[in-house]
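Mind looking over this structure? Questions follow.
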Protein chains: 2
Amino acid sequence: MTTTGAAGVEGTGDLCCASVVDAPLSQSEADRLARVFAALADPVRLRLLSLVAAQAEICSCDLEAPLARSQPTVSHHTKVLAEAGLIVGHKRGRWTWWRIEPGRLSEVRAAIGG
Amino acid sequence: MTTTGAAGVEGTGDLCCASVVDAPLSQSEADRLARVFAALADPVRLRLLSLVAAQAEICSCDLEAPLARSQPTVSHHTKVLAEAGLIVGHKRGRWTWWRIEPGRLSEVRAAIGG
DNA sequence: CCGACGCATCGACAATACTCAATACATGGA
DNA sequence: TCCATGTATTGAGTATTGTCGATGCGTCGG
């Protein structure tokens, strides 16, 4: 099982070629982009993301302590990030391991004029 | 008057050298970053930003129609973007003109691994 | 088979955000 | 000076979000 919100690299929606600095964004492009930014708009999720990015793979159980949040809260945040396509998780035994999806961050970077 | 939330290029706070993909973000770095992402996490504001970016300078009065929002709502969104340091406005006569602050978007891009 | 463990989901609550009508403020023209 | 115009602010209603305790589900060890 891959705990990704949607298929492939794309989380909530494809970001390709939608750029804030180019022609005015369409309604739907803005919606898709806003969803990814919303996932990044929480300090706990940003720290979670940086923890995942720092270790190639990390277990949910190793996130509660550094984030100082309860297990349900951590689970909520991983879900949000996964649905945005920013991280991917898969279960192995009793544990869920998360890794970053670097391509997604690149898409975001491109969308703001990368 | 420059309708920027804070001094200089920085809006809510300096983003320099805080990167999601490098070492774990500190609490305060995450807070500052999250504030900027929160400003980008609304589709109306993203379209507003793209309208501003497309024209070197644009009047508030020319935003209501394309955004299909009331004047107070547009004013609210411009304020949020300005406080995040993403746009800058100054009054000229009766009108307020907004322009993009490209450096701020660059900072955000760098923070996600640019 | 049973209990412990890791994780996801549910329900609830407080805090925040988006929106608009009403109002206040400031500027320029007559 | 007075009024019209563009913008900002206030107040209120609704929706969304972050958080946690309680609970459910799947997996491993004994």
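Order of the sequence lines fixes the chain letters, A, B, ..., with proteins taken first and strands second; residue numbering starts at 1 for each chain.
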- Message: So, taking the atom named NZ in A:Lys91 and the one named CH2 in A:Trp97, what distance separates them when rounded to the nearest 0.5 Å?
- Response: 14.0 Å
- Message: Run the side-chain contact (heavy atoms from CB on, under 4.5 Å) test against A:Arg99 and tell me which residues pass, sequence neighbours left out.
- Response: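 Residues passing side-chain contact (heavy atoms from CB on, under 4.5 Å) with A:Arg99: A:Val88, A:Glu101.
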- Message: What residues from residues 46-63 of chain A pass a heavy-atom cutoff of under 4.0 Å to DNA chain C?
- Response: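 Result for residues 46-63 of chain A: A:Cys59, A:Ser60, A:Cys61, sorted by number.
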Below 3.5 Å is the cut-off: list the nitrogen or oxygen pairs between protein and nucleotides 17-26 of chain D, distance only.
residue, atom, partner, partner atom, Å
D:dG18, OP1, A:Arg45, NH1, 3.4
D:dG18, OP1, A:Arg45, NH2, 2.8
D:dG18, OP2, A:Arg45, NH1, 3.4
D:dT19, OP1, A:Arg69, NE, 2.9
D:dT19, OP1, A:Arg69, NH2, 3.0
D:dT19, OP2, A:His77, NE2, 2.4
D:dC20, OP2, A:Ser70, N, 3.0
D:dC20, OP2, A:Ser70, OG, 3.0
D:dC20, OP2, A:Thr73, OG1, 2.6

- Message: Any side-chain N or O of B:Lys79 below 4.0 angstrom from OP1/OP2 of D:dT7?
- Response: no
- Task: Could I get the full list of side-chain hydrogen bond (donor to acceptor under 3.5 Å, both in side chains) partners for B:Thr73, not counting sequence neighbours?
- Result: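 Residues passing side-chain hydrogen bond (donor to acceptor under 3.5 Å, both in side chains) with B:Thr73: B:Ser70.
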- Message: In this structure, how many angstroms lie between the C1' atom of C:dC20 and the CD atom of B:Glu64, rounded?
- Response: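 Nearest whole value for this atom pair: 12 Å.
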- Can you check the B:His90 NE2 to D:dA8 C1' distance for me, whole Å? 18 Å
- Task: Applying side chain to side chain contact (heavy atoms under 4.5 Å, CB included), run through B:Ile87 and B:Arg104 and close with a yes or a no.
- Result: CA-CA 9 Å; B:Ile87 63 175; B:Arg104 190 61 165 178; over 6 Å; no
- Query: Can you pull the salt bridge (charged side-chain N to carboxylate O under 4.0 Å, His left out) pairs that have at least one residue in residues 67-81 of chain B, sequence neighbours excluded?
  - Reply: none
Result block: side-chain N/O donor-acceptor pairs under 3.5 angstrom for residues 45-59 of chain A, not counting sequence neighbours:
residue, atom, partner, partner atom, Å
A:Arg45, NE, A:Ala39, O, 2.7
A:Arg45, NH1, A:His77, ND1, 3.1
A:Arg45, NH2, A:Ala38, O, 3.1
A:Arg47, NH1, A:Pro66, O, 3.4
A:Arg47, NH2, B:Gln27, OE1, 3.4
A:Ser50, OG, A:Arg47, O, 2.9
A:Ser50, OG, B:Leu25, N, 3.2
A:Glu57, OE1, A:Arg92, NH2, 3.4
A:Glu57, OE2, A:Arg92, NH1, 3.4

- End-to-end bend of the helix from C:dC1-D:dG30 to C:dA30-D:dT1 (five-pair axes, 10° rounding)?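 Here the helix ends are tilted 20° relative to one another.
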- Message: Measuring from atom CG of A:Leu81 to atom NE2 of A:His76, what distance do you get when rounded to the nearest 0.5 angstrom?
- Response: 9.5 Å
- Message: Counting only side-chain nitrogens and oxygens, does B:Thr96 get under 4.0 Å of the OP1 or OP2 atom of D:dA8?
- Response: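 Affirmative; the distance criterion is met.
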- Which whole-number value in Å describes the distance from B:Leu67 CG to D:dT7 P?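 After rounding, the reported distance stands at 13 Å.
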- Message: In this structure, how many angstroms lie between the C1' atom of D:dT7 and the CZ atom of B:Arg92, rounded?
- Response: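 So the CZ-C1' distance, B:Arg92 to D:dT7, works out to 15 Å.
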- Note on the structure: Taken in chain and number order and not counting sequence neighbours, the residues that satisfy side-chain hydrogen bond (donor to acceptor under 3.5 Å, both in side chains) with A:Ser75 are none
- Just jot down the side-chain hydrogen bond (donor to acceptor under 3.5 Å, both in side chains) partners of B:Ser106, sequence neighbours excluded, or say none.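 By the side-chain hydrogen bond (donor to acceptor under 3.5 Å, both in side chains) rule, B:Ser106 matches no residue at all.
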- Residues clustered with A:Val80, ILVMFWY side-chain links under 4.5 angstrom: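 None; A:Val80 is a cluster of one.
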- Ion pair present between A:Glu29 and A:Arg32, side-chain N to carboxylate O less than 4.0 angstrom?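 Not counted as a salt bridge, because no side-chain N and carboxylate O are separated by less than 4.0 Å.
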